[in-house]
Amino acid sequence: MPPARRLLSLGHSYVVSANRRLAHEMSLVGGDAWDVTAAAPLYFHGLRDLWPHTLEVHPDEPCPLVPLPAYLTRHVHVFFYGRRLRNLLRQGWDVVHCWEEPYVLAGAQVAWWTAEGTPLVYRTAQSLPKRYPPPFNWAERYAMSRAAGWVCSGTTVAGNLAKREGYADKPMSRIPLGVDLATFRPDREAGRAVRRELGWEEGGPAVVGFLGRLVPEKGVDLLMRVLAGLATPWRALILGAGPLEGRIHHWAAKHPGRVRVCTNVRHAEVPRYLAAMDVLCAPSRTTPRWREQFGRMIIEAFACGVPVVGSDSGEIPHVVDGIGLVVGEADEAGWRDGLAALLESPARRGEMAERGLQRARDAYAWPVIARQYLDFFGQILDHRTP
């Protein structure tokens with residue numbers, strides 16, 4: 001039997017234990033063929049994509065975890081790792097997987113310190129054709145000159161980068177995000193318990209849910225207007241935090257008893273709250289600087305057996321892909337009609353829920369995702385020029 005291939009997977013988001021799930025699953029799926037190690041910052045402050053976190057460590061993690069000092073972590077574009085990373089990257093890896101964007105300084109730092117000849121694979125989520133100012137354009141150019149390949153999670157990112165200098169001539173694999181089917185699963189009793197905790201009686205109007213950052217680009221303001229204009233009875237459960245909290249609470253006060261806004265629900269509690277929803281809405285809207293890169297909440301809803309209505313922003317139509325409803329991101333009349341029809345048809349919601357659950361099992365379960373990553377890494381190793 002050939003020796004196990006040594007894989008290092010690192011990223012700043014790995015400071016959160018749940019975000020290391022890919023590394024964990026690659027270790028389990030890889031068996032004796034792959035020896036996987038994860039690396040993460042000791043602390044990451046974050047600003048938009050993460051709350052401040054000290055490295056979460058669990059003794060039963062299936063692969064080794066290497067803690068790394070990191071600096072200037074308030075701003076993801078300019079943070080960098082300490083010199084311990086250089087020593088780690090020189091330890092004879094067969095593949096280095098970097099869950100950092102190539103254009104951020106940490107991404108270029110990984111390229112600089114990865115041993116010559118070691119395949120380096122980035123995971124990127126850039127869905128817009130942005131041009132970066134120095135030094136970020138230099139970082140991207142250098143990082144991709146060292147890269148052996150790249151991974152993205154969806155069609156929009158692939159289409160954006162496939163012709164971009166530095167990416168076009170490198171192997172690429174389109175691999176979606178994953179979902180934990182043991183945690184995110186249909187659970188009617190949990191849903192009923194959450195409704196009771198929220199002060200809602202069982203048997204009331206259907207619950208329309210929203211899960212995400214409370215920012216304009218996530219479209220929660222459109223959802224509020226749509227709900228306010230519906231003749232069909234409804235209740236609304238909004239999960240998230242952000243600058244629009246005040247506006248949402250003000251709107252909720254106009255609909256007493258019908259709206260619950262939960263701004264402090266941790267990710268581990270999300271499955272219970274999804275189970276309390278009859279429909280999840282993902283009304284994201286494109287801006288000049290942003291469009292939806294994937295929509296993790298959609299596959300989490302699929303796994304929980306919750307039907308989805310999503311906008312046509314970015315990757316959402318490709319993730320929904322016939323399983324739920326897709327409505328134009330600015331089409332308020334379309335949102336009202338589509339949501340009303342779904343709220344009035346429990347049978348249709350049930351059919352959509354079953355199809356979403358099957359899609360989660362077939363396409364988004366973590367073992368499925370991990371195998372795709374390992375297959376791509378294996379292809380890169382097998383096709384290297386001697």
Side-chain angles (χ1 to χ4, degrees), residues 16 18-19 21 176-214 218-220 223-224 227 234-242 248 252 258-284 292 294-311 315-316 319-321 323-326 338-339 342-343 346 348-366 369:
V16 179
N19 291 341
R21 185 61 181 269
L177 299 179
V179 63
D180 180 354
L181 297 186
T183 301
F184 291 88
R185 57 187 176 83
D187 191 340
R188 292 184 179 179
E189 183 52 45
R192 286 192 288 266
V194 168
R195 293 187 188 193
R196 288 194 298 268
E197 293 166 10
L198 296 174
W200 279 339
E201 295 181 0
E202 195 62 31
V207 176
V208 177
F210 173 91
L211 170 61
R213 292 181 294 123
L214 302 183
K218 286 294 186 176
V220 66
L223 181 59
M224 290 189 293
L227 288 173
W234 54 268
R235 292 178 290 187
L237 175 54
I238 297 176
L239 308 183
I248 294 167
R258 304 176 75 184
V259 182
R260 299 292 185 267
V261 183
C262 302
T263 60
N264 58 352
V265 176
R266 299 184 65 84
H267 191 258
E269 299 176 292
V270 166
R272 296 180 65 245
Y273 284 81
L274 277 171
M277 300 176 187
D278 293 294
V279 179
L280 176 78
C281 290
S284 300
E292 190 65 70
F294 186 78
R296 184 190 294 272
M297 66 284 188
I298 296 172
I299 64 173
E300 292 175 344
F302 284 169
C304 289
V306 179
V308 174
V309 182
S311 76
E315 194 63 18
I316 289 178
V319 178
V320 173
D321 191 23
I323 300 298
L325 298 181
V326 175
L339 192 52
L342 200 54
L343 295 180
R348 188 181 181 195
R349 295 201 306 270
E351 187 271 336
M352 290 171 63
E354 286 298 322
R355 290 196 293 144
L357 184 57
Q358 192 60 51
R359 174 68 59 79
R361 293 166 176 164
D362 293 343
Y364 299 117
W366 271 119
I369 303 305

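Values below: all heavy atoms of this structure, side chains included; hydrogens, waters and symmetry mates excluded.
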Please name all residues satisfying side-chain contact (heavy atoms from CB on, under 4.5 Å) with [X], sequence neighbours left out, ordered by chain then number.
{"X": "D321", "answer": "R359"}
{"X": "Q358", "answer": "R361, D362"}
{"X": "V326", "answer": "D312, P317, V320"}
{"X": "A282", "answer": "M297, I298, I316"}

Please examine the side chains of [Y] and [X], heavy atoms only from C-beta on, and report whether any two atoms are closer than 4.5 Å.
{"X": "F302", "Y": "V308", "answer": "yes"}
{"X": "V279", "Y": "V309", "answer": "yes"}
{"X": "L280", "Y": "L274", "answer": "yes"}
{"X": "I299", "Y": "F184", "answer": "no"}
{"X": "V319", "Y": "P176", "answer": "no"}
{"X": "E300", "Y": "L211", "answer": "yes"}

Step-by-step side-chain contact (heavy atoms from CB on, under 4.5 Å) determination, L177 to Y364: CA-CA 7 Å; L177 299 179; Y364 299 117; over 6 Å; no
Verdict with reasoning, I248 to L214, per side-chain contact (heavy atoms from CB on, under 4.5 Å): CA-CA 9 Å; I248 294 167; L214 302 183; 3.8 Å; yes
Any residue meeting side-chain hydrogen bond (donor to acceptor under 3.5 Å, both in side chains) with T263, in chain and number order, not counting sequence neighbours: none
Would you please name every residue forming a salt bridge (Lys or Arg N to Asp or Glu O under 4.0 Å) with [X], sequence neighbours left out?
{"X": "R185", "result": "D187"}
{"X": "E292", "result": "K218"}
{"X": "R196", "result": "E189"}

What heavy-atom pair brings [X] and [Y] nearest, and what distance separates the two atoms?
{"X": "M277", "Y": "L239", "answer": "CE-CD1, 3.9 Å"}
{"X": "D180", "Y": "R21", "answer": "OD2-NH1, 2.8 Å"}
{"X": "P186", "Y": "A303", "answer": "CD-O, 3.3 Å"}
{"X": "V194", "Y": "A276", "answer": "CG1-CB, 3.8 Å"}
{"X": "R349", "Y": "L342", "answer": "NH1-O, 3.0 Å"}

For residues 199-210, run the donor-acceptor check on the side chains, cut-off 3.5 Å, and write out each pair with its distance to 0.1 Å, sequence neighbours left out.
| unit_1 | atom_1 | unit_2 | atom_2 | d |
| --- | --- | --- | --- | --- |
| W200 | NE1 | G257 | O | 2.9 |

Spacing of OG belonging to S284 relative to CZ belonging to R213, to within rounding of 0.5 Å: 9.0 Å
Stepwise side-chain contact (heavy atoms from CB on, under 4.5 Å) check, C262 with I238: CA-CA 6 Å; C262 302; I238 297 176; over 6 Å; no
Any pair counted as side-chain hydrogen bond (donor to acceptor under 3.5 Å, both in side chains), so long as it reaches residues 301-311, sequence neighbours left out: none
Contacts of F294 that satisfy ring-ring contact (aromatic ring centres under 6.0 Å, His included) - sequence neighbours left out: none
Criterion side-chain contact (heavy atoms from CB on, under 4.5 Å) on L237 and L198, from CA distance to verdict: CA-CA 9 Å; L237 175 54; L198 296 174; 3.8 Å; yes
Salt bridge (Lys or Arg N to Asp or Glu O under 4.0 Å) contacts in which one or both residues fall within residues 262-272, not counting sequence neighbours: E197-R272
